[in-house]
Amino acid sequence: MRIATYNVNGIGARLPRLLDYLGHSGNDIVVLQEIKCQTDNVPVAALNDAGWQVAAHGQKGFNGVAILARTAITPTQTGLPGDDGDEQARYLEAEVAGIRLGCLYLPNGNPQPGPKFDYKLAWMERLNAHAAQLLALETPTVLLGDYNVIPTDATIDIARPAMMANDALTQPQSRAAFRRLLAQGWTDAIRTRHPHSPCYTYWDYQAGAWQKNWGFRIDHLLLSPAAADRLADAGVDADTRGEDKASDHAPAWVQLRAAT
DNA sequence: ATGCCCCGCGCGGCGGGA
């Protein structure tokens, strides 16, 4: 079971690239962030024709998440619990083939300090509360997406830490909230499989960042204990970032063994 | 020392991204 997370930066502009990726990457499940369209405008027919079931939670112009799967999708949660006034489409959860998937697009939080950073930190607290409830289910669960947190300043997580020192993605509060999430008992699949290698998932469009490999790691796949028991491999489909009309993110993935 | 680039919206540049 190969499961990937891919921030597409606009499903409209990315559809040819996305369909190409879906066709050759060998995934069974692909979750998307930043589809940037209303739920009704997701190109469901084109995805169905390519052999993918679709569940989506969108909004006009910004944000938006989706779950694509080769087999049936059973939605379990739309929107992150904990704030009925939150209108931003950043969380979608479903069960596919006996695995619970939480697809998330965590707020960027810039500029910091400020209300957007406050929203990010509040969102992370809500995520941590919901994640604890997911762990209590003891179902194999993958909590994956664009976390907008660079876990450390080490070269394995970021090529040029000084460039991001004042960014919301590297602040101690952001990192501490991410560490608290991991400490609940989640396994960072990519870092577990690649403890010493850079595994960047994002390269800025500007300044030739891709060509210089000035990237960082913000797309994460967190495994519950029951999922971590089945961890076979994990990585980043970095070649996707070098294609024409690429997103600024590359897909990150995990391979899980069959249930025993 | 600064800005570079891309997306959606919608037709003029702007908000948002990271």
Side-chain angles (χ1 to χ4, degrees), chain A residues 5-19 21 32-43 46 56-66 86-91 103-121 123-124 127 144-175 177-178 198-220 236 238 240-252:
Chain A
T5 177
Y6 185 15
N7 181 321
V8 292
N9 187 18
I11 199 171
R14 209 66 58 220
L15 190 57
R17 177 89 286 117
L18 173 62
L19 289 170
Y21 177 72
L32 308 178
Q33 300 85 36
E34 285 207 86
I35 61 173
K36 293 188 174 180
C37 70
Q38 291 173 304
T39 304
D40 289 345
N41 292 341
V42 173
H57 175 39
Q59 70 179 93
K60 188 174 184 178
F62 307 105
N63 306 320
V65 286
D86 186 358
E87 303 289 334
Q88 300 192 29
R90 295 180 175 276
Y91 188 81
C103 166
L104 64 98
Y105 175 47
L106 206 147
N108 168 311
N110 284 307
Q112 72 80 29
K116 292 190 174 182
F117 191 57
D118 296 341
Y119 173 67
K120 175 181 191 141
L121 296 179
W123 204 95
M124 295 186 83
L127 176 65
L144 72 171
D146 178 356
Y147 281 73
N148 271 321
V149 175
I150 302 168
T152 73
D153 271 347
T155 303
I156 56 174
D157 285 335
I158 178 168
R160 308 274 291 182
M163 291 176 67
M164 297 291 286
N166 296 315
D167 195 282
L169 280 59
T170 65
Q171 293 313 296
Q173 301 99 310
S174 311
R175 287 174 166 166
F178 184 66
C199 295
Y200 306 147
T201 66
Y202 172 90
W203 295 259
D204 201 293
Y205 286 121
Q206 301 183 67
W210 166 250
Q211 287 76 10
K212 299 176 199 165
N213 197 26
W214 287 359
F216 45 77
R217 187 172 79 98
I218 50 175
D219 299 272
H220 308 302
V236 179
T240 305
R241 179 63 182 83
E243 304 277 3
D244 288 339
K245 296 288 290 179
S247 170
D248 40 6
H249 294 250

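Quick note on labels: first sequence line is chain A, next is B, and so on, each numbered from 1.
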Colleague: Could you state the CG-C1' distance from A/Asp204 to B/dC7, rounded to the nearest angstrom?
Modeller: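 Taking atom C1' of B/dC7 as the reference, CG of A/Asp204 is at 13 Å.
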
Colleague: Which whole-number value in Å describes the distance from A/Glu34 CD to B/dC6 C1'?
Modeller: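 Interatomic distance, CD of A/Glu34 to C1' of B/dC6: 11 Å.
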
Colleague: Does a side-chain N or O from A/Lys36 land closer than 4.0 Å to OP1 or OP2 of B/dC6, or not?
Modeller: no

Colleague: Counting C-beta onward and ignoring hydrogens, is there a side-chain heavy-atom pair between A/Asp204 and A/Trp214 closer than 4.5 Å?
Modeller: no

Colleague: Rounded to whole angstrom units, what separation is found between the CD atom of A/Glu243 and the C1' atom of B/dC6?
Modeller: 17 Å

Colleague: Base, sugar-phosphate alone, or nothing: which one does A/Arg90 contact when heavy atoms must sit under 4.0 Å apart?
Modeller: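 Sugar-phosphate: the residue A/Arg90, judged by heavy atoms under 4.0 Å, touches backbone atoms but no base.
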
Colleague: Would you tell me if any nitrogen or oxygen in the side chain of A/His249 comes within less than 4.0 Å of OP1 or OP2 on B/dG17?
Modeller: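 No, outside the criterion.
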
Colleague: Determine the contact category for A/Asp146: base if any of its heavy atoms lies under 4.0 Å from a base atom, sugar-phosphate if only primed atoms, P, OP1 or OP2 are that close, otherwise nothing.
Modeller: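 Here A/Asp146 touches the backbone only, sparing every base.
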
Colleague: Separation of A/Phe62 atom CZ from B/dC7 atom C1', in whole Å?
Modeller: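 Whole-Å distance recorded here is 9 Å.
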
Colleague: Mind calculating the distance between NZ (A/Lys60) and C1' (B/dC9) to the nearest angstrom?
Modeller: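 Spelled out: NZ on A/Lys60 to C1' on B/dC9 is 7 Å.
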
Colleague: Calculate the interatomic distance between A/Asn110 atom CG and B/dG16 atom P; express it in whole Å.
Modeller: 12 Å

Colleague: Is any side-chain heavy atom of A/Leu106 closer than 4.5 Å to one of A/Arg90?
Modeller: no

Colleague: Side-chain donor-acceptor pair under 3.5 Å between A/Asn9 and A/Glu34, yes or no?
Modeller: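 No pair is found: no donor N or O on one side chain lies under 3.5 Å from an acceptor on the other.
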
Colleague: Could you tell me whether A/Lys120 contacts a base, only the sugar-phosphate backbone, or nothing, with contacts defined as non-hydrogen atoms closer than 4.0 Å?
Modeller: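 If one applies the 4.0 Å heavy-atom cut-off, A/Lys120 turns out to touch nothing in the nucleic acid.
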
Colleague: Quick one: is B/dA18 close enough that its OP1 or OP2 comes under 4.0 Å of any side-chain N or O from A/Asn148?
Modeller: yes

Colleague: Do the side-chain N and O atoms of A/Asp157 and A/Thr152 include a donor-acceptor pair separated by under 3.5 angstrom?
Modeller: yes

Colleague: Looking for any heavy atom pair under 4.0 Å, which part of the strands does A/Ala13 touch: base, sugar-phosphate only, or nothing?
Modeller: sugar-phosphate

Colleague: Just N and O in the side chain of A/Asn7: are any of them under 4.0 Å from OP1 or OP2 of B/dA18?
Modeller: yes

Colleague: Kindly say whether, by distance alone, the side chain of A/Asn108 makes a donor-acceptor pair under 3.5 Å with the base of B/dA18?
Modeller: yes

Colleague: Contact class for A/Gly12 (heavy atom, under 4.0 Å): base, sugar-phosphate, or nothing?
Modeller: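 A/Gly12: backbone/sugar contact only, no base atoms under 4.0 Å.
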
Colleague: OP1 or OP2 of B/dA18 versus the side-chain N and O atoms of A/Tyr105: is any pair under 4.0 Å?
Modeller: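 It does, given that an N or O in the side chain of A/Tyr105 lies less than 4.0 Å from OP1 or OP2 of B/dA18.
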
Colleague: Enter the distance from A/Met163:CE to A/Thr170:OG1 here, rounded to the nearest 0.5 Å.
Modeller: 12.0 Å

Colleague: Once you round it to whole Å, what is the distance between C1' of B/dC7 and CD of A/Gln206?
Modeller: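 Going from A/Gln206 (CD) to B/dC7 (C1'), I get 13 Å.
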
Colleague: Determine which nucleotide pairs with B/dC7, using a 3.5 Å limit on both distances of a Watson-Crick or G-U wobble pair.
Modeller: B/dG15

Colleague: Which whole number of Å gives the distance between the P atom of B/dG10 and that of B/dC6?
Modeller: 22 Å

Colleague: Take atom P in B/dG3 and the same atom in B/dC14, then report the distance between them in whole Å.
Modeller: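 Taking atom P in both B/dG3 and B/dC14, they lie 15 Å apart.
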
Colleague: CD of A/Gln33 versus P of B/dG16: gap in Å, rounded?
Modeller: 20 Å

Colleague: Nearest-nucleotide wise, let me know which of A/Asp248 and A/Gln38 is further upstream toward the 5' end of DNA chain B.
Modeller: A/Gln38

Colleague: Which distance, rounded to the nearest 0.5 Å, do you find between the OH of A/Tyr202 and the CG of A/Asn148?
Modeller: 9.0 Å

